[in-house]
Amino acid sequence: MQTFLHGRDLIGDLDFSKEEVETVLDVAFDLKRKRALNELTPYLRDKVLAMLFFFSSTRTRGSFEAGMAHLGGHAAFIESKTTQIAHGDTPKEIGEIYGRYFDGISIRHCDWGIGNKYLNDVAKYSRVPILNMQCDIYHPFQCLADLMTIMEKKGRDLRRKKMVVSWAYAASYQKPMSVPQSLILQMPRFGMDVVLARPPEFKLMPEIMGMAEEQAKKFGTKFEVVEDMDEAFKDADIIYAKSWGAMVHTPDPEEGAKIIKKYESWITDERKMALAKTDAIYMHPLPADRNIEVTDGVIDGPQSVVYDEAENRMHVQSAVMALTMG
Ligand code: CP
């Protein structure tokens, strides 16, 4: 068990070693148990987290804010559009100045080709931990919550469990590719055989694919790419199907929307779920495009664990904040 995470950033999924992720999960399970028993957990009394948002959120904002309150501290909600960032405040200034006011800085910046660089630029100048609330490349806290949820449903030994990470059709907007990228990096470290299913235009970043292949090799798991949702779903233990944009293929949102339209059949429905194991779980980080990405019957059905995933965001984030900001 690695217990000294004080002062560390969490920007990419591999920033923490597997042992450090195990520590985070142990603490998260303990915090969840304590909350169920109404036990107090004031590990961050009088500490303050800055939550800087360049993009909207329901779960991330709520869970970080609630988590900081449960830890005895406070979270300050700051939207980029109400700051002076548009008028010239640089990442250096945010890192230097907010690093002096706050005990941690969490940032959501999903703009393609910009978000991850922004977080790393702030981190260079910040004296306190930088926590990634989602960027264009990674969504590490979503992935930790997903891992915690899978362990709750399937046990902590996940070797040889088949996890499908699938693209799904959506009409609302071109969603970042950060969730599938985080999943293919983290899950092989915990023994899962990952099958990535996506149409040809929805490739993930080549460098992330390379890193995922390395992780799978290192941890002795399978990592396969297919272009057929049905084929992927066969005998799966875990189905994680969500939409993402064609950003690698084209950064143009209009062109991307035209490409997406070709793949309306990529919906998770009852027929496809029946191809997976009978005890397979259905996962989605939310928000979902209902009856477009996934049918109501599946997302509200007995195999869906989406609300546990959303709850576990709070527990894993509180664990990381307690370990890094304490
Ligand atoms: N899953 C997730 O990050 O949700 P929000 O966009 O609502 O924060």
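Since this is a predicted model, take the numbers as computed values, not measurements. When a ligand or atom number is given, it counts from 1 through the structure's own listing order. Both backbone and side-chain heavy atoms feed into the values below; hydrogens, waters and symmetry mates do not.
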Centroid-centroid under 6.0 Å between Phe64 and Phe77 rings = no
Just which atoms of ligand 1 are under 4.0 Å from any heavy atom in Thr58?
-> 5 (P), 7 (O), 8 (O)
So with a 6.0 Å cut-off around NZ of Lys277, is the heavy-atom count from everything else above 12?
-> yes
Ligand-side contact atoms (ligand 1) for residue partner Ser57, heavy atom cut-off under 4.0 Å | 5 (P), 7 (O), 8 (O)
Any ion pair linking Asp230 and Arg271 (charged N to carboxylate O, less than 4.0 Å)?
-> yes
Do Met148 and Phe29 have side chains that get closer than 4.5 Å, going by heavy atoms?
-> yes
Please work out whether any backbone atom (N, CA, C, O) or any side-chain heavy atom from C-beta onward of Met133 is under 4.0 Å from ligand 1, and answer side chain, backbone, both or neither.
-> neither
The atoms of ligand 1 lying under 4.0 Å from a heavy atom of Arg313, numbered in the order shown, are 1 (N), 2 (C), 3 (O)
Close N or O approach (Leu286, ligand 1; < 3.5 Å) = yes
Give the atoms of ligand 1, by number and element, whose distance to some non-hydrogen atom of His139 is under 4.0 Å.
-> 2 (C), 3 (O)
So is Ser56 polar-close to ligand 1, meaning N/O to N/O under 3.5 Å?
-> no
Strictly under 4.0 Å, does any heavy atom of Arg61 approach an atom of ligand 1?
-> no
Within a radius of less than 6.0 Å around CZ of Arg35, do more than 12 heavy atoms belonging to other residues, nucleotides or ligands occur?
-> no
How far is atom 4 (O) of ligand 1 from its nearest protein heavy atom, and which residue and atom is that?
-> Arg59 NE, 2.9 Å
Measure centre to centre between the rings of Tyr282 and Tyr240, then say whether the value is under 6.0 Å.
-> no
Quick one: sort the Tyr263 and Phe202 rings into parallel, tilted or perpendicular, breaks at 30° and 60°.
-> perpendicular
Got more than 12 heavy atoms from elsewhere within 6.0 Å of NZ, Lys34?
-> yes
Quick one: which ligand 1 atoms are inside 4.0 Å of a heavy atom on Pro285?
-> 1 (N)
For ligand 1, the portion of Arg108 having any non-hydrogen atom under 4.0 Å away = side chain
